[in-house]
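In what follows, every chain begins at residue 1, and chains take the letters A, B, ... in the order their sequences are listed.
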Protein chains: 2
Amino acid sequence: MTIKEVAELAGVSSAAVSRYLNGGSLSEEKRERIRKTIEETGYHPNLVAQTMRTGHIRQIGVIVPKIHSDSVSQVTAGIARQLRQRGYVTLLGSTDHEEGGELGYLDIMQNNQVAGVILMGTCLTPILSDAMRECRVPLVVTGQNYPGFACVYHDDYNAVRELTRLLLERGHDRIAFLGVTEKDVAAGQQRRLGALDAVRGAGLDPNAVPVTVCEFTAESGYLRMKEILKRHPEINGAVCATDTIALGAMKALREQGRKIPEEFGIAGVGDSWACSTAVPELTSAHLYYRECGEDAAAMLLSLIEQQETEAPTEMPVRQMMLGYKIIERGSV
Amino acid sequence: MTIKEVAELAGVSSAAVSRYLNGGSLSEEKRERIRKTIEETGYHPNLVAQTMRTGHIRQIGVIVPKIHSDSVSQVTAGIARQLRQRGYVTLLGSTDHEEGGELGYLDIMQNNQVAGVILMGTCLTPILSDAMRECRVPLVVTGQNYPGFACVYHDDYNAVRELTRLLLERGHDRIAFLGVTEKDVAAGQQRRLGALDAVRGAGLDPNAVPVTVCEFTAESGYLRMKEILKRHPEINGAVCATDTIALGAMKALREQGRKIPEEFGIAGVGDSWACSTAVPELTSAHLYYRECGEDAAAMLLSLIEQQETEAPTEMPVRQMMLGYKIIERGSV
DNA sequence: TCCTATAATGAAATCGATTCCAAAATTGTT
DNA sequence: AACAATTTTGGAATCGATTTCATTATAGGA
């Protein structure tokens with residue numbers, strides 16, 4: 001079914017049908033004939049042809065490091081939900097943490113003529129930064145604060161700072177920090193800084209805090225925790241950059257017979273569903289992943305609409321930081 | 001940058017440039033001039049225009065019930081990976097379990113002129129079945145065996161049967177089954193049948209097995225398990241339709257002071273990462289989610305390629321069942 | 001050298017929509 | 001009734017690619 005065939009059947013020109021669909025002067029009589037024909041034929045305009053002619057496409061590219069991950073899929077759910085509500089569809093690209101995967105997808109998305117891109121940030125390399133700057137369509141970053149780019153991200157620093165403060169208040173004053181790669185500014189650097197600043201704020205020596213770097217897995221948390229317990233048997237608490245790491249670490253603590261929370265306090269970040277199935281339940285900082293996705297999508301769409309309507313006035317880069325909520329459970 | 005501009009710069013016709021890109025007779029001299037011009041300008045053909053002209057689009061619609069879920073995101077990762085490898089992109093639609101959401105997305109995908117659709121199945125309603133049959137592009141279902149449609153799914157029945165057999169062999173001979181809605185044939189009906197048939201196979205009475213229906217959450221598993229323990233204090237084992245439910249159920253068991261695995265055995269399905277962080281670690285049936293996604297994508301692409309090349313010969317519907325692997329851990 | 005195959009070439013048609021424009025129809029004003 | 005202003009209308013151009021087709025250049029064979 002094409003617009004021409006509909007026009008033919010309704011006995012009008014294709015221009016008339018187009019005007020019917022998009023608004024334009026049309027006699028009531030033809031309007032009715034066209035309405036009926038479209039109803040009977042079940043005609044839907046071809047979006048590809050529409051895009052071709054107008055240059056407007058309602059597809060948004062979403063580039064994520066690995067869709068199979070609790071936090072990533074939550075953010076993606078938020079994005080997809082918001083986009084759908086506003087009549088857009090999601091073009092998903094999952095890099096599987098492949099080196100330079102974002103670059104490839106940035107190209108793919110642009111070849112597909114997407115109206116905008118949401119990039120879930122992990123490590124910002126100069127080469128990626130360049131590619132992002134050269135991106136011909138609006139772009140919003142989630143989960144990281146990339147200076148100079150529109151971002152929606154979490155208050156990682158204060159979330160972990162408060163979490164650590166809670167541990168210290170509970171008397172777990174010789175803590176270790178199980179972090180992730182520093183290449184990841186939000187989850188790596190910010191969370192570590194938050195933990196160490198809380199230690200400093202309590203009048204303790206941050207240099208005495210054992211700091212280790214884990215993968216984003218429970219297995220890695222388990223192994224690193226075991227090492228720390230061997231090297232620093234005196235510690236009585238651990239702040240972990242993610243829940244997964246914390247849950248792995250708890251296994252190591254059980255093996256060593258450390259009593260949680262009496263002799264040892266532990267906390268994670270992300271408020272994963274698994275927190276409440278652990279023994280004891282894991283204290284964590286809730287981050288608003290879904291909202292992050294929704295806000296990022298909303299921000300992107302407003303950038304796109306701005307670009308389409310207004311003259312290209314210079315606009316300020318928008319950065320949005322979302323709060324957090326400490327969920328206290330039995331592990332501290 | 002359009003093909004015309006490239007042609008202009010290279011001093012050839014746009015037809016020549018098109019032939020350069022798609023193969024066709026071209027003198028070595030022009031070939032070189034075009035190559036250089038494309039390199040200098042960084043020209044990429046406009047995929048929308050290409051699609052417009054050829055009718056071939058390299059986008060696949062993927063409709064899932066809820067992207068924020070362990071199993072769903074694993075399958076999606078497999079799909080996206082396979083599609084990317086073969087030069088396709090993923091148009092993601094997450095229905096958030098909204099009533100009739102699949103129908104809406106089926107329309108959206110077709111309006112976007114996708115080359116094919118992968119539908120992650122949950123509940124098959126007659127109305128959905130009709131919509132799927134009316135789908136104008138090839139379609140593959142994952143996770144469910146919908147008769148008459150191309151499917152890639154798991155051996156849910158035998159996975160749970162073997163799991164249950166294991167529990168019984170370990171002496172947990174008075175088991176309960178914590179299932180999910182029967183509207184979901186794979187996770188609801190097949191898994192329940194597997195459990196009950198194993199009971200029957202062991203010479204026990206399947207009618208004596210308490211069966212309950214949970215949501216797909218740990219909280220729900222916790223509540224239902226608590227009820228079962230109150231009503232049937234004699235039971236000494238539980239087979240759960242998902243790991244999440246099982247992990248929730250374990251919390252109820254702890255509260256009641258049931259010793260796992262000495263006095264009580266429990267098992268789940270899905271081999272979630274959280275299985276190995278539980279105390280004791282949860283025995284589960286590993287389902288090949290990622291492979292399911294990859295195989296579904298491969299199957300869809302072969303259908304598409306078949307359709308594009310061959311005459312429309314009548315082809316048999318392909319149904320692929322994937323195996324499972326029992327991962328025995330401390331909970332049985 | 002001449003003639004026939006074959007390769008190379010670009011003008012033009014095409015995909016399905018939107019939109020400009022000039023012409024036709026309708027309305028309102030004297 | 002005559003004219004101006006406004007609305008309605010469909011033909012044709014357009015978006016950026018591919019592909020057909022007729023034509024020209026080249027190669028190979030006698």
Side-chain angles (χ1 to χ4, degrees), chain A residues 1-35 37-38 41-59 87 107-115 136-137 308-309, chain B residues 1-35 37-38 41-59 87 107-115 136-137 308-309:
Chain A
M1 255 310 136
T2 71
I3 199 172
K4 234 182 207 163
E5 296 174 288
V6 171
E8 198 105 343
L9 286 170
V12 298
S13 72
S14 64
V17 179
S18 178
R19 275 190 290 261
Y20 171 84
L21 294 167
N22 301 291
S25 41
L26 208 59
S27 67
E28 198 47 55
E29 179 222 349
K30 301 208 168 188
R31 192 178 300 277
E32 175 56 19
R33 283 221 307 276
I34 294 171
R35 193 198 57 71
T37 316
I38 288 182
T41 58
Y43 164 78
H44 280 284
N46 182 321
L47 292 185
V48 172
Q50 234 166 14
T51 298
M52 177 75 183
R53 176 60 228 242
T54 64
H56 297 329
I57 191 169
R58 295 177 82 82
Q59 297 190 345
D107 261 355
I108 291 177
M109 296 303 176
Q110 292 189 69
N111 289 160
N112 275 277
Q113 313 289 122
V114 294
R136 296 186 303 273
V137 294
E308 278 174 359
T309 59
Chain B
M1 253 312 135
T2 72
I3 199 172
K4 233 182 205 163
E5 297 175 289
V6 171
E8 196 105 344
L9 285 171
V12 298
S13 73
S14 63
V17 178
S18 178
R19 275 190 288 259
Y20 171 84
L21 293 167
N22 301 292
S25 38
L26 208 58
S27 67
E28 198 46 57
E29 180 222 347
K30 301 207 169 192
R31 193 178 299 278
E32 175 55 20
R33 284 221 305 275
I34 294 171
R35 193 199 57 70
T37 316
I38 288 181
T41 58
Y43 163 78
H44 282 284
N46 182 322
L47 291 185
V48 173
Q50 230 165 15
T51 298
M52 177 74 183
R53 176 61 227 247
T54 63
H56 298 329
I57 192 169
R58 296 177 81 83
Q59 297 191 345
D107 262 355
I108 290 177
M109 297 302 177
Q110 292 189 69
N111 288 162
N112 275 278
Q113 312 290 121
V114 294
R136 296 186 304 272
V137 293
E308 278 173 0
T309 58

Sequence neighbours excluded, which residues qualify as side-chain contact (heavy atoms from CB on, under 4.5 Å) partners of [X]?
X	value
B/Ala7	B/Val12, B/Ser14, B/Val17
B/Met109	B/Ile63, B/Leu91, B/Tyr105, B/Val114, B/Val117
A/Glu5	A/Met1, A/Thr2

Partners meeting side chain to side chain donor-acceptor pair (under 3.5 Å) with B/Arg35 (sequence neighbours left out): B/Glu32, B/Glu39
On a heavy-atom basis, which atom in B/Thr37 and which in B/Leu9 lie closest, and how many Å separate them? CG2-CB, 3.6 Å
What closest approach, in Å, do A/Ala115 and A/Val137 show between heavy atoms, and which atom pair accounts for it? O-CB, 3.6 Å
When you check every protein heavy atom under 4.0 Å of nucleotides 11-18 of chain D, what one-letter string (B, S, -) results, 5' to 3'? B-BBBBBB
Nearest-Å distance, OH (B/Tyr20) to C1' (C/dT9)? 18 Å
Could I get a table of every N or O pair under 3.5 Å where one atom is in the protein and the other is in nucleotides 22-29 of chain C?
none

Only pairs at least two apart or in different chains count here, so list each side chain to side chain donor-acceptor pair (under 3.5 Å) that has a residue in residues 42-54 of chain B. none
Applying side chain to side chain donor-acceptor pair (under 3.5 Å), which residue pairs with at least one partner in residues 18-28 of chain B are found, sequence neighbours left out? B/Ser18-B/Asn22
Check salt bridge (charged side-chain N to carboxylate O under 4.0 Å, His left out) between B/Arg33 and all other residues, then give those that pass, not counting sequence neighbours. B/Glu29
What residues 26-34 of chain B contributes to the DNA chain C interface at heavy-atom separation below 4.0 Å is B/Leu26, B/Ser27, B/Lys30
Nearest-0.5 Å distance that lies between atom CG in A/Leu21 and atom CD1 in A/Ile3: 6.0 Å
Between the opening five pairs and the closing five pairs of the helix from C/dT1-D/dA30 to C/dT30-D/dA1, how far apart are the helix axes, to 10°? 40°
Strictly by modelled atom types, are A/Gln59 and B/Asn112 linked by a side-chain donor-acceptor pair under 3.5 Å? yes
